[in-house]
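Worksheet for the structure shown next.
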Number of protein chains: 2
Amino acid sequence: MSVSEERPYHHGRLREALLEAAESTLREHGQDQLSLRKLARDIGVSHAAPGRHFPDRQALLDALAVAGFERLDRELRKAVAAAPADDFPARLDAAVAAYLHFATQDAALLELMFSGKHRPGAEEVRAASEAGFGLMEGMIREGQESGHLEQGSSEQVGMVLFATMQGIATLVNGDMIGRSQMDALVERAVAQFLRGTRPA
Amino acid sequence: MSVSEERPYHHGRLREALLEAAESTLREHGQDQLSLRKLARDIGVSHAAPGRHFPDRQALLDALAVAGFERLDRELRKAVAAAPADDFPARLDAAVAAYLHFATQDAALLELMFSGKHRPGAEEVRAASEAGFGLMEGMIREGQESGHLEQGSSEQVGMVLFATMQGIATLVNGDMIGRSQMDALVERAVAQFLRGTRPA
DNA sequence: ACCTGAACACCGTTCAAGT
DNA sequence: ACCTGAACACCGTTCAAGT
């Protein structure tokens with residue numbers, strides 16, 4: 001799948017190329033090091049070319065955040081689907097492990113997704129985030145029906161669970177706890193949500 | 001306390017002035033809008049003057065993070081000290097409320113404190129953060145002794161509690177939940193930590 | 001429809017020189 | 001000891017003009 005001999009005037013898939021390059025720059029060097037001019041240079045277009053596809057730098061960052069939420073959603077669904085359908089604790093563990101894997105794999109992306117400093121009309125980002133919350137809420141309802149979780153608003157319980165995992169990821173990403181401590185915290189936190197199905 | 005007529009060659013307290021100006025710029029306009037050159041302009045020194053006090057931009061951001069941890073520590077201690085000494089749930093509520101007040105008051109500062117993208121030798125930031133964790137752990141031990149909290153590693157329980165609050169703050173700062181929802185989540189989360197002392 | 005090249009108004013950082 | 005002014009190598013963004 002090699003590119004044509006002399007790069008043509010039109011790139012053809014510049015938008016996708018920008019997103020791919022930006023994603024790996026973000027992961028490897030962080031948001032501060034991500035420059036539209038450098039991306040353009042690496043891809044081989046003029047520095048003004050990105051402007052055709054993203055009105056400004058934040059628009060590209062927003063697009064990365066949206067892509068992040070979509071990938072997170074895919075990974076969560078995949079993990080839960082792979083767990084036994086009749087073992088709620090195992091399903092919860094799978095979801096939690098998948099979330100923490102995602103969240104601690106790419107600290108800069110996680111920050112982009114949740115920091116909330118998006119473009120004024122960033123309804124797309126908010127919308128993309130809701131898919132994941134929906135999945136979480138569905139799982140909570142499942143656990144409530146099987147008697148593994150306390151009753152009450154499944155949305156609230158899901159949010160508290162999510163917040164706990166997000167907070168643990170923040171501690172890891174901020175180098176305040178190590179990965180081994182993370183596992184212990186996650187286990188303790190999940191046990192707190194499950195009622196009487198495990199030793200404290 | 002007016003400044004002398006014609007600004008003198010030496011500012012006198014430039015380091016402090018930079019930190020003060022940076023703190024309010026951060027709060028009002030965010031990290032991206034914080035520029036050393038603009039701070040220097042506002043204060044009335046040359047654009048190279050900040051370099052004397054902070055080797056680079058990140059050094060100033062690190063100093064802001066350290067100041068943030070110190071203020072957080074003060075506010076937590078003050079809130080806990082004001083709560084009745086013999087009412088653990090009330091003391092826990094006070095600490096939690098104080099933390100969330102701090103964390104949702106200045107989203108940009110919170111991100112600076114916990115994002116962990118500090119200068120390579122940023123031992124100062126890590127050290128400053130430990131004071132708050134120490135206070136949290138002490139409170140947990142208190143609650144375990146009075147029978148309000150589950151037994152086990154007080155450090156771990158404290159970390160999980162802290163992570164939960166941090167996560168809720170992230171949801172608020174990222175505009176994913178509103179302030180009224182926040183209160184409900186906090187109440188539910190705290191109730192989960194307290195054993196049998198409140199209705200679920 | 002998509003991209004270029006020049007231009008504008010910014011940055012952070014360095015360093016000789018000034019007080 | 002502390003600050004200035006010029007210089008360097010970058011940015012993001014805009015816009016006429018090119019293909």
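These numbers were taken from a predicted model, which means no experiment stands behind them. Here is how names work: the chains are called A, B, and so on, in the same order as the sequence lines, proteins then strands, and each is numbered from 1.
In this structure, CG of L34(A) is placed 11 Å from P of dC11(D), rounded to the nearest angstrom. The CD1-P distance, from I43(A) to dC3(C), rounds to 10 Å in whole Å. If you take CG of D56(B) and C1' of dT13(C), they are 9 Å apart, rounded to a whole angstrom. Counting to the nearest Å, the C1' atom of dT4(D) and the NE2 atom of H11(B) are 15 Å from each other. Taking atom CG of L36(A) as the reference point, atom C1' of dC10(D) lies 14 Å away to the nearest angstrom. D32(B) places its CG atom 15 Å from the C1' atom of dG12(C), with the value rounded to the nearest Å. The distance from atom CD of Q31(A) to atom C1' of dG12(D) is 14 Å, rounded to the nearest whole Å. Counting to the nearest Å, the P atom of dT13(D) and the CZ atom of F54(A) are 13 Å from each other.
Note on R52(A): a base of the nucleic acid sits closer than 4.0 angstrom, heavy atoms only.
Contact annotation: S35(A) does not reach the phosphate of dC10(D) (side-chain N/O to OP1 or OP2, under 4.0 Å).
The residue among G12(B) and R57(A) whose nearest nucleotide of DNA chain D is located toward the 5' end is G12(B).
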Pairing pattern in dot-bracket form [Watson-Crick, G-U; both distances under 3.5 Å; | = partner strand] for DNA chain C
||.|||||...|||||.||
Please list, one pair per line, the donor and acceptor atoms closer than 3.5 Å that link side chains of residues 117-127 of chain A to other protein atoms, with sequence neighbours excluded.
{"from": "K117(A)", "atom 1": "NZ", "to": "E111(B)", "atom 2": "OE2", "distance (Å)": "3.3"}
{"from": "H118(A)", "atom 1": "NE2", "to": "L112(A)", "atom 2": "O", "distance (Å)": "3.3"}
{"from": "R126(A)", "atom 1": "NH1", "to": "D175(B)", "atom 2": "O", "distance (Å)": "2.5"}

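Looking at L161(B) and V157(B), their side chains never come closer than 4.5 Å, going by heavy atoms from C-beta outward.
Residue pairs that meet the salt bridge (Lys or Arg N to Asp or Glu O under 4.0 Å) test with at least one member in residues 156-174 of chain B, sequence neighbours left out, do not exist here. For the salt bridge (Lys or Arg N to Asp or Glu O under 4.0 Å) condition, the pairs that include at least one residue of residues 137-146 of chain A, sequence neighbours left out, are R91(A)-E142(A), E137(A)-R141(A).
The distance from the OH atom of Y99(B) to the CG atom of L135(B) is 12.5 Å, given to the nearest 0.5 Å.
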Produce the list of close N/O pairs, under 3.5 Å, pairing protein atoms with atoms of nucleotides 6-9 of chain D; give distances to one decimal.
{"from": "dA6(D)", "atom 1": "N6", "to": "H47(B)", "atom 2": "NE2", "distance (Å)": "2.9"}

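A salt bridge between D183(B) and R179(B) is absent, with no side-chain N of the basic residue lying under 4.0 Å from a carboxylate O of the acidic one.
Of the candidate nucleotides dC3(D), dC11(C), dG12(D), dC3(D) has the atom lying nearest to any side-chain atom of S46(B).
Taking the six-membered ring for Trp and the full ring otherwise, F114(A) and F114(B) have centroids separated by 6.0 Å or more.
Checking K78(A), R77(A), R71(A) one by one against E75(A), the salt bridge (charged side-chain N to carboxylate O under 4.0 Å, His left out) holds for a single residue, R71(A).
For the side-chain hydrogen bond (donor to acceptor under 3.5 Å, both in side chains) test, no residue two or more places apart in sequence or in another chain qualifies with T170(B).
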